[in-house]
Structure formats: structure tokens, C-alpha cells
Amino acid sequence: MDKTMTNRIIPFSPPDISEAEIQEVSKALRSGWITTGPRTKLLELRLAAYIETGRVDLDCESQEAVEKFSHRVVCLNSATAAEELNLRMLGIGPGDEVIVPAYTYTATASAAIHCGAKVVFVDIQKDGDRETHAPEMDYERLAAAITPRTKAVIPVDLGGLVCDYDKIFEIVEEKKSLFTPLEDKGDTPLSGLSSRIQRAIGRVAVVSDAAHALGARRKLGGSWKNCGQMADFTSFSFHAVKNFTTGEGGASTWRQLKGIDDKEIYHFYQLLSLHGQDKDALAKMRPGAWEYDIIAPWYKCNMTDMLAAIGLRQLDRYPGLLERRSQILKKYDETCDALGISHLIHCTDYMQSSRHLCLIRVPGIDEGQRNQLIEWMAEKGVSTNVHFKPLPMMTAYKAEAAEAPNAYDYYHNLITLPFYTKLSDEDVEYVCEILTKTIMEFRRSA
Ligand SMILES: Cc1ncc(COP(=O)(O)O)c(C=O)c1O
């Protein structure tokens, strides 16, 4: 290792913010409009166009684009909010069960709990998916967990690898006869729409947690689909550590539902995210239009134009950011292969992941030794992480008392490498050298 290399400090995941994002935020700040407004609306349109076409270069201010792509995406202040609103849109609440993989971040489960539903954890496949090694749900256990109370399953596209939605849809279709759609009791202004949504879906809803997976693709029914086009409802995260960031932020999208106008769904997301207020700040600005109604005491989780400004310029750069991730990953994969360390396979002939996380699993070590390796790498300047500690191991979820031996086994020897587009080729080289050195030292001492 050369001398300059020995002194590097590699943080875990700083954001990639260019002058373009800084300029756009300045423009938003100077524009006189900083909360939800024109930039948020434009970002929604552009994200919808990206999800539907994979393109970031369409003129989304044209009338044609407005007609085609508006009302398909709603931007919010986090993926947690997006996921909660997805479940609320479905009318999920007390008495309902929501199936969540044991191997995920807390937001996947807490959003369902916020709605009053019961979370049912399902363990993952032993060592993850056979081909990609992604910690995907065990689909036999998923099928067995569906009861007449189950209203949704939340697959998690962890690390940017898209779950097997063909399989998931097959299972929920097979269990269709157990499903009873919500009755419209007229008790909230949303209950009629929720009931129609549940009836249109006609089975357990597939509500994807795609916090990591904007830009990922997978074959569904033999043809390529973009993440956001597969599940009934999908949430994305634009948190500071995500591939695509607005600092904090997120978005929801959904598949066209038979007999339900996207405009109506979009309108209710707006109401849910802004106090149940029937006019947003922009609409209230119109001359003489101050008066508004509150149709229900709902939530406050709208995106601001300052955040959307970051997103607009991130989206211009996103294909390039994904390409850079691909180059870095290639080097990491080669290093792991040489060391006999298992890693996620982000791309196959049926999947192109968004390459969000580089998860590696070191064979033959226990949890304490894994933590030791993390410490040794940190001492040499390389920050790593663990995605994730399974939820049933967390204090908050002890009550669910789920048995998830495969999730625990997957976690016990897992390390997440630092993986972001600001890493230079030399940084990547350094991480690989430190990983190699650490593993070799460990193997010698064991
Ligand atoms: C799998 C998963 N789901 C949901 C979230 C929540 O995202 P946000 O911080 O945007 O609410 C995260 C955040 O890291 C996550 O990893």
C-alpha cells in the first residue's frame, strides 16, 4: 500500500451535491416561494416521467407532459410519510394485519403501526435469494402468514434490488378468497375512496417499500418494468444517504386502478399531507381565495420547494450517478470474489438494481467477530455499517415475538461497505485494500 493511501478517511455515505443543486436552491430561496409550490409540482411530474419512461430529459413543462404524467407521483417529506399515506389511502387501520419482512428498517413496520394495524413479521429466505443473495422474504412463509385480516404486504426492495413481484402477485392472487374489502362506513371523508381502492385491487394490496430503489428495474410477467410500476403502491426515500436525495424527502406512486381517477387519488394525498385542508398555500394566494375548509384533522408531511429544488437537479444527474455506482460496485465485487466473501448480485438478466447498498457477508465469523472487523476497518479510516439489524431483535418490536432465524443469520456476519458517488477511484482502491488487509489479518489471527 502506498504512503498517501494509509492516511485516507472514508466516511460512510456523504451526499453528492453539485453546484447545480446549490444554484437551484438559491433560485428557490430568491423566488419568494419556498414551501410546496411550482418546484415540487415539477419534480412530481419529472419523477412520474422517469418512473414511466426511464427518461430524465423530457420537457415536463409542456402541456402534453402535464396531461400525461401529472397525478401519478406525490412528493412528501419522507419515505416514512409516503408509506404511511399509502396505507391510509388503502384505509388500513385497527383490526387489520400488514405483513412486513423481518429484515428491514423500522419505517417499514412503524408506518403500519402508526395506522393502528398489526404488523406480522415474515422471515427471509435462508442466505437470501439464491441468485442475488438479497434478503427477500421467504415466499412460502408469506403465503402462510396471509389471513382474512391481512390487508397489505410490504415487500422491501432492499439495497435497490427489486423483489420477485411475479411471485408476490401470484401468492396474493392465490389467497384472494380470504380477502374482504373495506366497507364504506362513511366515517371519514376518505372511507369511500379507500373502499373503492380495496375493491378495485380485490386482494391483499402490494405496497412496496422502495426507499432504496428509485431507478431500479426488473422483468415482471416477462417484460421490463421500472420500480414504481410494479406494486399497487410504492414509496421512495430521498433521505440524505440515498442515491437520489433532497436532504429529507420521499414520494409515493401507484398503479392505475380500474375505475378510479388518478386525480382523485392525488387530491387525497394532498389532503392527507396538508392537514386535510382543501386548498394548499399556492391556491390560497389567488386573489380573494383566502377561505378554506379542513375536511378532516389529518397530517403534515408535504415537501417544500427548497427540497424539490435539490431533487430537480439531482434528477438531471441521476443516470450519471447510477453509472458511477456501477463502476464502484464492479471493483468491490471483484475484491469480494477474490476474498471468497459473498455479496449482493445487483444485476442479472432479469434485474438492474439501483445499486444502493453494498452488503457483504464474511463466511465463518460470528457477530462479535463481525463487529471486530468493523472496528479494525474504522481504525484504518474506513467507515462501514450494518443494514440491518432485524426488527424482531429491536426493543420496540419484541412484542411481535417473531421467530426470524434466517434474518438473524443473514445479519450476524454482514457488513455494509461505504458506497457513494463522491468516492474517487483511489478511495475505492483504498477501501478494497483495507478490506483485504483486515480480512487477511483476521484469518491469520483466527
Ligand atoms: C428500507 C427503508 N424504508 C424506509 C426508510 C425511511 O426513509 P425516510 O428516512 O425517507 O423516511 C428507510 C430509511 O433509510 C429505509 O432504509
Side-chain angles (χ1 to χ4, degrees), residues 1-2 4-5 8-16 18 50 54 56 127-136 157-163 210-219 224 226-227 241-245 314 317-363 373-374 377 380-387 410 413-440:
M1 198 181 306
D2 82 39
T4 50
M5 287 268 188
R8 279 175 196 254
I9 298 291
I10 311 289
F12 182 68
S13 188
D16 186 335
S18 74
Y50 179 59
V56 296
D127 292 320
D129 178 81
R130 209 172 303 152
E131 194 159 341
T132 66
H133 310 153
E136 263 183 74
D157 297 335
L158 206 143
L161 287 89
V162 182
C163 296
H212 303 174
L214 182 73
R217 306 172 73 219
R218 180 169 177 138
K219 278 189 182 162
W224 284 98
N226 296 322
C227 182
V241 299
K242 299 298 186 287
N243 290 9
F244 171 96
T245 187
Q314 283 267 296
R317 300 174 56 223
Y318 200 46
L321 296 176
L322 288 177
E323 179 51 35
R324 176 65 188 148
R325 298 188 83 83
S326 173
Q327 292 164 0
I328 297 170
L329 199 61
K330 189 166 178 288
K331 181 76 192 152
Y332 280 169
D333 286 356
E334 283 167 7
T335 304
C336 288
D337 290 340
L339 289 166
I341 292 176
S342 146
H343 56 83
L344 295 178
I345 308 292
H346 284 263
C347 294
T348 66
D349 55 3
Y350 57 84
M351 177 159 51
Q352 291 285 321
S353 112
S354 63
R355 303 170 181 89
H356 176 55
L357 293 175
C358 183
L359 305 184
I360 66 170
R361 293 182 64 219
V362 183
L373 291 179
I374 288 179
M377 288 185 72
K380 291 169 191 132
V382 177
S383 301
T384 58
N385 209 324
V386 174
H387 291 82
Y410 193 91
N413 62 349
L414 182 136
I415 299 176
T416 315
L417 294 183
F419 183 27
Y420 47 93
T421 44
K422 284 281 193 193
L423 286 170
S424 65
D425 288 347
E426 292 74 23
D427 291 336
V428 175
E429 196 71 39
Y430 182 71
V431 174
C432 292
E433 288 197 38
I434 294 301
L435 176 66
T436 306
K437 210 172 155 195
T438 307
I439 295 289
M440 294 305 195

By salt bridge (Lys or Arg N to Asp or Glu O under 4.0 Å), D425 pairs with (sequence neighbours left out) R324
Note: H133 and S342 closest approach over all heavy atoms is ND1-OG, 3.8 Å
Heavy atoms of A216 and G160 approach each other most closely as CB-O, 3.4 Å
Handout entry: Under 3.5 Å: donor-acceptor pair, side chain of E429, backbone of K331
Key = no
Just by distance, do the side chain of N413 and the backbone of V362 share a donor-acceptor pair under 3.5 Å? yes
Between R361 and D127, does the salt bridge (charged side-chain N to carboxylate O under 4.0 Å, His left out) criterion hold? Intermediate values first, please.
CA-CA 10 Å; R361 293 182 64 219; D127 292 320; 3.1 Å; yes
| said: Please check this pair: side chain of N243 against backbone of S354, looking for a donor-acceptor N/O pair closer than 3.5 Å. | reply: yes
So CD of Q352 and NZ of K219: to nearest 0.5 Å the spacing works out to 10.5 Å
| said: Taking L214's backbone N and O only, do any of them form a donor-acceptor pair with Y318's side chain (distance below 3.5 Å, no angle check)? | reply: yes
Whether T132 side chain and L344 backbone form a donor-acceptor pair below 3.5 Å: no
Smallest heavy-atom separation, H356 atom then F419 atom, equals O-CD2, 3.6 Å
For R218 and V162 the tightest heavy-atom approach is NH1-O, 2.8 Å
For residues 322-351, the ring pair (Phe, Tyr, Trp, His ring centres under 6.0 Å) pairs (sequence neighbours left out) are none
Residue set satisfying side-chain hydrogen bond (donor to acceptor under 3.5 Å, both in side chains) with R217, at least two apart, ordered chain then number -> N226
